[in-house]
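Predicted model only: the values in this text are computed from it and were never measured. The residues of the chain are indexed from 1 along the displayed sequence.
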Amino acid sequence: MAASILFLEFLALSFSLALALDPSSLQDFCVADGDSNVVVNGLACKYPKNVQASHFSFSGLHLAGNTSNGVGSKVTAVNVVQIPGLNTLGISVARIDYAPSGINPPHTHPRASEILTVLEGSLEVGFVTSNPGNRLITKVLQKGDVFVFPINLVHFQRNVGKSNAVALAALSSQNAGVITIANAVFGTNPEIPDDILAKAFQLDKNVVTFLQSKF
């Protein structure tokens, strides 16, 4: 009887672990086939014999992004769109360039945690814990420093130096996704009714209308 109970407990633990982890790959690779009409969670695979080295590479991450925009930053993503060979591998990277005082605005990645390494300059970074705490965890990073943003939590970066800054982000998804908070709230199509936003943010409707006009 005791052995049966232990066996059942072992099965329950194994099942829990299986739910918590991505399944192991069943093949060497699954290069994304952008021309396929098959709809799957991810992207359909190219026939392996048609796969080339170019499907696993990307060039240009050494080039600085154009930060001449309203937020003063530019994200150069390298995910499954740029490298089809990332399909099913659960990883991607991005280069982020910041002008002086430039920010990567508060945003979330719905499908990935992020680890950020500062390559040049000084960055103030932070993330916010979930309700009801909403605690801000923040730190100023220098060249060579590393910081982790947990999956789906709102986070940001700001260049606090006097020169341009550069960071490299690694993400635990082939397609992490991004939800920029300001755009998601004030830039929807169609717009969220202004009375809802006015009540949610405790603002006058005229202020809400002004903010929506910016997006």
Inset, instruction - For the pair Leu171 and Ile91, evaluate side-chain contact (heavy atoms from CB on, under 4.5 Å) and give the outcome as yes or no after the intermediate values. - result: CA-CA 6 Å; Leu171 301 118; Ile91 54 172; over 6 Å; no
Legend entry - Considering all heavy atoms, the nearest Glu114-Ala169 contact: OE2-CB, 3.4 Å
Legend entry - Donor-acceptor contact below 3.5 Å, side chain Asp194 vs main chain Ala198: no
Legend entry - CD on Gln52 to CG on Asn50, rounded to 0.5 Å: 7.5 Å
Inset, instruction - Starting at CG of Asn134, measure out to OG1 of Thr129 and round the result to the nearest 0.5 Å. - result: 6.0 Å
Legend entry - Ser113 backbone acceptor or donor facing Ser172 side chain under 3.5 Å: yes
Inset, instruction - Kindly determine whether Tyr98 and Val166 satisfy side-chain contact (heavy atoms from CB on, under 4.5 Å), including the steps that lead there. - result: CA-CA 6 Å; Tyr98 313 81; Val166 183; 5.9 Å; no
Inset, instruction - Determine whether more than 12 heavy atoms belonging to other residues, nucleotides or ligands lie under 6.0 Å from atom CZ of Phe58. - result: yes
Inset, instruction - Report yes or no: does Thr209 contribute a side-chain atom to a donor-acceptor pair with the main-chain N or O of Lys205 at less than 3.5 Å? - result: yes
Legend entry - Test item: Thr138 side-chain N/O and Val125 main-chain N/O as donor-acceptor pair under 3.5 Å: yes
Legend entry - Min side-chain heavy-atom separation His107-Val178 under 4.5 Å: yes
Inset, instruction - First locate atom CD1 of Ile96, then atom OG1 of Thr76, and finally report the distance between them rounded to the nearest 0.5 Å. - result: 9.0 Å
Inset, instruction - Please report the closest heavy-atom contact between Asn164 and Ala99, naming both atoms and the distance. - result: OD1-CA, 3.7 Å
Inset, instruction - Please check if the distance between the ring centroids of His155 and Phe149 is under 6.0 Å. - result: yes
Legend entry - Co-membership, hydrophobic cluster, residues Val154 and Ile137, 4.5 Å side-chain: no
Inset, instruction - Establish whether Ile196 and Val207 are linked, either directly or via other cluster members, by ILVMFWY side-chain heavy-atom contacts under 4.5 Å. - result: yes
Inset, instruction - For residues Val208 and Phe201, determine if any side-chain heavy atom of one lies less than 4.5 Å from a side-chain heavy atom of the other. - result: no
Inset, instruction - Measure from the side-chain N and O atoms of Thr180 to the backbone N and O of Ala182, and report whether any donor-acceptor pair falls under 3.5 Å. - result: no
Legend entry - Pro110 versus Ala176, closest heavy-atom pair with distance: CD-O, 3.4 Å
Inset, instruction - For residues Leu61 and Leu168, determine if any side-chain heavy atom of one lies less than 4.5 Å from a side-chain heavy atom of the other. - result: yes
Inset, instruction - Could you check if a side-chain atom of Ile83 sits within less than 4.5 angstrom of a side-chain atom of Val78, using non-hydrogen atoms only? - result: yes
Legend entry - Single-linkage hydrophobic cluster Ile181~Val128, side-chain heavy atoms < 4.5 angstrom: no
Legend entry - Side-chain heavy-atom pair Val160, Leu123 within 4.5 angstrom cut-off: no
Inset, instruction - Answer with yes or no whether the hydrophobic clustering places Leu136 together with Leu141; edges join I, L, V, M, F, W, Y residues whose side-chain heavy atoms lie under 4.5 Å apart. - result: no
Legend entry - Arg111 side chain vs Asn175 backbone, donor-acceptor pair below 3.5 Å: yes
Inset, instruction - Supply the atom-to-atom distance Lys46 NZ to Ser36 OG, rounded to the nearest 0.5 angstrom. - result: 9.5 Å
Legend entry - Leu89 side chain near Gln174 side chain, heavy-atom distance below 4.5 Å: no
Inset, instruction - Can you see which heavy atom on Val71 is nearest to which on Pro105, and at what distance? - result: CG1-CG, 3.6 Å
Legend entry - Side chains of Asn66 and Asn69, donor plus acceptor under 3.5 Å: no
Inset, instruction - Ignoring hydrogens and angles, tell me if any N or O in the side chain of Thr188 forms a donor-acceptor pair with the backbone of Ile192 under 3.5 Å. - result: yes
Legend entry - Test item: Asn104 side-chain N/O and Gln157 main-chain N/O as donor-acceptor pair under 3.5 Å: no
Inset, instruction - For the residue pair Gln142 and Ser122, confirm or rule out a side-chain donor-acceptor distance under 3.5 Å. - result: yes
Legend entry - Side chains of Leu203 and Leu211 in contact at under 4.5 Å (non-hydrogen atoms): yes
Legend entry - Between CD1 on residue Ile103 and CD on residue Glu124, distance to nearest 0.5 Å: 10.5 Å
Inset, instruction - Answer yes or no: is there a donor N or O on one side and an acceptor on the other, between the side chain of Gln82 and the main chain of Asn79, under 3.5 Å? - result: yes
Legend entry - pair Leu119-Lys143: side-chain heavy atoms closer than 4.5 Å: no
Inset, instruction - Could you tell me whether the side chain of Asn87 and the main chain of Leu43 form a donor-acceptor pair under 3.5 Å? - result: yes
Legend entry - Test side-chain contact (heavy atoms from CB on, under 4.5 Å) applied to Phe186 and Lys214, step by step: CA-CA 8 Å; Phe186 297 107; Lys214 295 293 184 180; over 6 Å; no
Inset, instruction - Flag yes if Leu116 and Leu153 sit in one hydrophobic cluster, no otherwise; membership is Ile, Leu, Val, Met, Phe, Trp, Tyr, and two members link when side-chain heavy atoms are under 4.5 Å apart. - result: yes
Inset, instruction - Give the minimum heavy-atom separation between Ile179 and Ala184, together with the two atoms involved. - result: CG2-CB, 3.7 Å
Inset, instruction - May I ask you to decide whether Asp97 forms a salt bridge with Arg95, counting only side-chain N to carboxylate O separations under 4.0 Å? - result: yes
Inset, instruction - Please test Phe156 against Phe127 for ring-ring contact (aromatic ring centres under 6.0 Å, His included), starting from the C-alpha separation and ending with a verdict. - result: CA-CA 7 Å; Phe156 64 89; Phe127 66 86; 9.5 Å; no
Inset, instruction - Carefully, step by step, assess Cys45 and Gln27 under the rule side-chain contact (heavy atoms from CB on, under 4.5 Å). - result: CA-CA 11 Å; Cys45 307; Gln27 53 203 21; 3.5 Å; yes
